[in-house]
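Reading through the structure tokens given below for one structure.
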Amino acid sequence: MPSRVHLVSCADYERAAVRAAVRQCWQALLPSDFITPGMTVLLKPNVINDMAPDRAVCTHPEVVRAVVELALEAGGEVVVADQPGYALAEEAQGAFEHTGMLQACGDLPVTFELLARSGYEDVAPPQPYRLKSVQYSSRVLRADRVINLGKAKTHNQTLITAAIKNMFGAMAPRQRIEVHLVGRYWALAEAIVDCYAARVPDLNLVDAIDIMEGMGPTQGQPRRMGVVAASTDGVAVDAVMQQAMGYDLKEVATTVAAHNVGLGELGREQIELSGVPPEQVAIRIKRSPVVRLDVAGPFLKLAKGVVTARPIVNRRECRACGACAGICPNGAIAIEDYAQVDCRQCVECFCCMEACPYDAITIKRSPLYAVAQRLQRILSRRA
């Protein structure tokens, strides 16, 4: 039976419009007993940091509220939970407030939690790629229903983030950091899929009303796409969204890797589309300028040390808070008067840039980087 992806146009984040769009997705996809009274319903939004809603970094608070309302109507006991990438727990706690989620849901009987507070359990993915054991959120594992509320964005490490990548936030922070040492594009994507497989969500709803293009997932530019997309199949909804954003079907490694181990459908012949046709909302976005330099063979050896992208710290903006040093997987950052990056140790994962709450870290590419990136795209299309 084909996986179904439902898309609804939504012009902006006005509450009534978002509520109507989300309700349409809910009614189109879910049986009436999807949630029954007393069920614990966990909503996992994208709360990567504490950026305001208009930055298009996190799942918009009105989308979160609309899903909370529907789950409450069905009698669920609703928890909104995530674990932002900060190394500093006190700043992570404030993310729900600074992103507007607490305010948007302030009149509703819903609980907000950091996943780390409930601890993590070791889970073996059914068909592991890179991780034989995933340290996965106990809170998510214990929930009767898990609703994945992704944000459609470009991403410096995975090309895009939507449904599959969003569940990476349910992995224990220390293992998340270590995963960035398994390798670049394809290797990292396979590890992310191992995490996704630990507890596949029951519903995936993607906020693509405003997406992010360019230097995603935190420093790109918002762009109106005007759609809410949903499916019980996270692979299928990602496949539809990536094509609507201008990516080739087999170009995004997380989607391909998840499909290859049976976690969802990829091809249009296996996906039933309903609602607005994807072509009606499709836009060709500006891609991340730094991603996917993992070409094997002689080219990689030649490129090493010449084709690079390094984090650069703006000393005037840096507050020496330590978030970047705490999240760096290779210990390449020291904090003195400001954050200092040892480029010899940098593995170009850009976690420091994602974690910085002050946008004090940017990326400097070597002159040949764009040429190498273009060459890799050509080679991948021929593969």
Side-chain angles (χ1 to χ4, degrees), residues 1-32 34 43 45-46 53-54 56 58-71 147-154 159-166 201-213 216 221-249 251-252 255 259 264-287:
M1 182 176 180
S3 294
R4 188 177 181 188
V5 176
H6 192 77
L7 294 95
V8 180
S9 293
C10 190
D12 54 37
Y13 287 106
E14 192 272 329
R15 180 165 293 179
V18 175
R19 180 185 290 135
V22 171
R23 186 177 292 273
Q24 284 186 46
C25 290
W26 189 279
Q27 294 175 340
L29 296 170
L30 302 176
S32 59
F34 175 69
L43 275 55
N46 185 325
D54 61 358
C58 302
T59 309
H60 197 280
E62 291 299 335
V63 174
V64 175
R65 179 188 172 94
V67 180
V68 168
E69 288 179 337
L70 286 165
I147 300 178
N148 180 17
L149 302 181
K151 180 70 174 179
K153 301 184 289 184
T154 51
L159 284 183
I160 70 160
T161 174
I164 295 171
K165 175 66 170 59
N166 189 47
D202 301 295
L203 175 66
N204 304 274
L205 189 141
V206 178
D207 170 13
I209 300 171
D210 280 351
I211 66 169
M212 176 179 286
E213 63 178 1
Q221 297 299 314
R223 185 172 174 189
R224 182 59 49 87
M225 191 174 192
V227 69
V228 175
S231 179
T232 55
D233 180 344
V235 182
V237 76
D238 276 9
V240 171
M241 288 307 302
Q242 73 189 51
Q243 288 186 291
M245 294 166 69
Y247 293 92
D248 294 337
L249 185 60
E251 190 175 3
V252 178
T255 317
H259 169 71
E265 300 300 342
L266 182 66
R268 282 293 181 91
E269 61 277 6
Q270 283 84 39
I271 297 174
E272 177 188 345
L273 295 169
S274 59
V276 178
E279 296 78 14
Q280 187 173 316
V281 297
I283 58 175
R284 184 162 292 277
I285 57 140
K286 181 180 179 182
R287 294 174 173 232

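Side chains are part of it too, since the values below use all heavy atoms of this structure and drop only hydrogens, waters and symmetry mates. Residue indices begin at 1 and follow the sequence shown. Computed from a predicted model, the values in this text were never measured in an experiment.
At a threshold of 4.5 Å between non-hydrogen side-chain atoms, the residues Arg268 and Gln243 count as touching. A heavy-atom distance below 4.5 Å is not found between the side chains of Val252 and Ile164. Side chains of Arg224 and Asp210 form a contact here, defined as non-hydrogen atoms less than 4.5 Å apart. Counting heavy atoms from C-beta outward, Met245 and Met225 have side chains that approach closer than 4.5 Å.
Once rounded to the nearest 0.5 Å, the distance linking CD of Glu14 with CD1 of Ile209 reads 10.5 Å. One distance of note links CZ of Arg287 with OG1 of Thr154; it measures 10.5 Å at 0.5 Å rounding.
Considering all non-hydrogen atoms of both residues, Asp238 and Ala162 come closest at OD1-CB, 3.1 Å. Contact between Gly234 and Asn204 at its shortest, heavy atoms only, is N-ND2, 3.1 Å. The two residues Glu62 and Tyr13 have their closest heavy-atom pair at CG-O, 3.5 Å. The two residues Val68 and Leu43 make their nearest non-hydrogen contact at CG2-CD2, 3.5 Å. Listed here is the closest heavy atom pair of Leu266 and Ala239: O-CB, 3.7 Å. Among all heavy-atom pairs drawn from Leu205 and Val228, the shortest one is CD2-CG1, 3.7 Å.
Partners of Asn46 under the side chain to side chain donor-acceptor pair (under 3.5 Å) rule, at least two apart in sequence or in another chain, do not exist in this structure. Applying the side chain to side chain contact (heavy atoms under 4.5 Å, CB included) criterion to Asp233, with sequence neighbours excluded, gives Ser3, Ser231, Val235, Ala236, Glu265. The salt bridge (Lys or Arg N to Asp or Glu O under 4.0 Å) search around Lys151 returns Asp207, not counting sequence neighbours. Scored by the side chain to side chain donor-acceptor pair (under 3.5 Å) test, Thr255 finds Gln242 as partners (sequence neighbours excluded).
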Under 3.5 Å, side-chain donor or acceptor atoms of residues 274-281 against the rest of the protein: list the pairs with distances, not counting sequence neighbours.
| residue | atom | partner | partner atom | Å |
| --- | --- | --- | --- | --- |
| Ser274 | OG | Arg4 | NE | 3.0 |
| Ser274 | OG | Arg4 | NH2 | 3.3 |
| Ser274 | OG | His6 | ND1 | 2.6 |

Can you give me every donor-acceptor pair (side chain of residues 19-31, partner residue at least two apart or in another chain, under 3.5 Å) with its distance?
| residue | atom | partner | partner atom | Å |
| --- | --- | --- | --- | --- |
| Arg19 | NE | Glu69 | OE1 | 2.8 |
| Arg19 | NH2 | Glu69 | OE2 | 3.1 |
| Arg23 | NH1 | Glu73 | OE1 | 3.4 |
| Arg23 | NH2 | Glu73 | OE1 | 3.4 |
| Arg23 | NH2 | Glu73 | OE2 | 2.8 |

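None of Lys286, Arg284, Arg223, Lys153 except one satisfies the side-chain hydrogen bond (donor to acceptor under 3.5 Å, both in side chains) rule with Glu213; the exception is Arg223.
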*asked:* Would Ile283 and Ile211 count as a side-chain contact (heavy atoms from CB on, under 4.5 Å) here? Give the steps.
replied: CA-CA 11 Å; Ile283 58 175; Ile211 66 169; 3.7 Å; yes
